[in-house]
Amino acid sequence: MNWVVICCFLLGVTPVLCTLDFNYHNNKAVENYLKDINNNYSSITYLHSIGSSVAGNQLWVLVIGLYPSQHMIGIPEMKYVANMHGNEVVGRELMLHLIEYLVTSYKTDVVISQLINNTRIHIMPSMNPDGFEASAVDCYGIVGRLNKNGYDLNRNFPDAFNLNPDPIQPETKAVMDWIKSETFVLSANFHGGAVVASYPYDNGNAENNGITPDEDVFKYLATLYATKHANMYQGIQCPGMNSFPAGITNGYQWYPVRGGMQDYNYVYGQCYEITIELSCCKYPDESTLSQFWSDNKVSLIEYIKQIHMGIKGRVFDLEGNPIPNAIVEVKDRKHIQPYTTNSIGEYYHLLTPGSYTFNISAAGVSLLQTVDITNNKNLYATKYDFSINVSASSANSHLQVYTLLSILSTILVLLCT
């Protein structure tokens with residue numbers, strides 16, 4: 001437990017009412033802090049572990065929202081994941097300060113209150129707590145980068161373009177299960193060693209050259225983070241690297257990464273994730289942490305808001321029942337794995353304003369529908385429900401077939417890694 005919290009206990013003050021210090025916090029201090037936040041803001045937070053590391057450290061996630069412990073229809077889910085490489089530590093501390101800022105601003109800041117009321121925000125300060133324990137202050141080293149089994153977690157996910165022969169690690173499996181269990185729409189993961197917002201694909205082939213069907217959306221998201229940042233948009237050049245125009249880059253065109261987490265989110269999780277490189281120095285002196293928070297604070301908040309761009313809604317059958325696993329795709333934006341509705345018939349698509357033709361299909365029946373999408377207002381995406389000409393029995397048969405195919409797909413993904 002850090003000295004500020006100890007001081008608060010001695011003074012008889014609720015710990016989270018004291019300012020979190022700008023020091024590095026070990027795994028136990030992070031756990032204690034998250035538990036303190038959860039205890040003192042229980043109405044808007046939910047703390048849980050999604051699994052454990054090789055060494056048995058818990059992979060803690062704090063959820064912040066009006067309904068923090070469960071998904072609610074129409075409230076989108078977003079996540080931040082930091083410290084995937086154990087020696088890249090700035091993001092780990094930023095997540096703690098972001099948590100503090102969000103919960104202490106609730107009901108006192110109108111925008112933050114609205115954001116929390118309309119979004120379910122998941123924050124994982126450390127995906128690689130074992131690596132963090134092995135690392136030390138060092139700008140360019142690699143000690144602590146890998147997990148305890150010696151694997152790079154950002155090369156460990158199933159890959160859409162190349163066979164990944166590495167065994168899936170406990171931390172990776174926990175995140176994969178987590179993604180599967182939630183309806184995540186937007187995400188970012190935080191690294192160090194550069195200052196840039198990198199977007200998918202991280203891998204690719206000659207056909208796509210690393211460009212996704214949602215290139216415009218990803219460029220928008222990366223540009224937003226970079227421009228709201230204090231200086232990322234200036235194209236900071238770290239030692240031994242080229243600069244990045246406007247502070248953004250396509251991941252594959254920077255350098256190909258097989259088995260990266262952001263591609264896995266986008267291809268297999270229907271979640272738009274980008275990678276934020278926060279600092280030239282991977283593990284800088286803690287005296288710099290306050291400035292990093294100041295540089296990133298606005299970007300972190302503004303990025304969360306983008307989960308409310310685009311469109312959301314549900315797909316119903318003739319009797320008005322929601323259809324799970326109905327395909328909801330946008331014309332000319334064909335994904336490697338078609339995007340589908342969740343178990344309660346919801347869909348979410350991040351899209352920039354414009355007119356789009358949607359192709360909805362279930363039980364062998366398809367529907368083409370054009371929808372105009374406008375700028376989000378008051379943190380609320382365009383809402384549009386689709387009704388498709390299928391009976392409840394046909395929809396149920398579709399669900400049974402699709403469930404079987406999903407199981408087979410999951411088995412194939414695991415067998416190919």
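Just so you know, these numbers come straight off a predicted model, no measurement behind them. One is the number of the first residue; the rest follow in order along the sequence.
Looking at His71 and Glu182, their side chains never bring a donor and an acceptor atom within 3.5 Å of each other.
Looking at every heavy atom in both residues, Tyr348 comes nearest to Ile75 through OH-N, 3.6 Å. Contact detail for Ala226 and Ile248: the closest heavy-atom pair is CB-CG2, 4.0 Å.
In this structure, Lys312 satisfies the cation-pi test against Tyr380, with its NZ or CZ atom closer than 6.0 Å to the six-membered ring centre and inside 45 degrees of the ring normal.
Considering NZ of Lys228 and CG of Leu300, their distance stands at 13.5 Å, rounded to 0.5 Å.
Without hydrogens or angle criteria, Glu329 side chain to His335 main chain gives a donor-acceptor distance under 3.5 Å.
Contact annotation: the side chain of Leu367 never approaches that of Phe358 to less than 4.5 Å [non-hydrogen atoms, C-beta and beyond]. Contact check for Ile311 versus Tyr356: no side-chain heavy atoms found under the 4.5 Å cut-off.
Of the options Tyr384, Tyr339, Phe386, a ring-ring contact (aromatic ring centres under 6.0 Å, His included) to Tyr347 is made by Phe386 and by none of the others. The side-chain contact (heavy atoms from CB on, under 4.5 Å) test with Thr357 is passed by exactly one of Val330, Thr370, Asp332: Thr370. Considering Phe161, Tyr252, Tyr264 as possible partners of Tyr201, the one that fulfils the ring-ring contact (aromatic ring centres under 6.0 Å, His included) test is Phe161.
With ring centers used as reference points, Phe292 lies 6.0 Å or more from Phe22.
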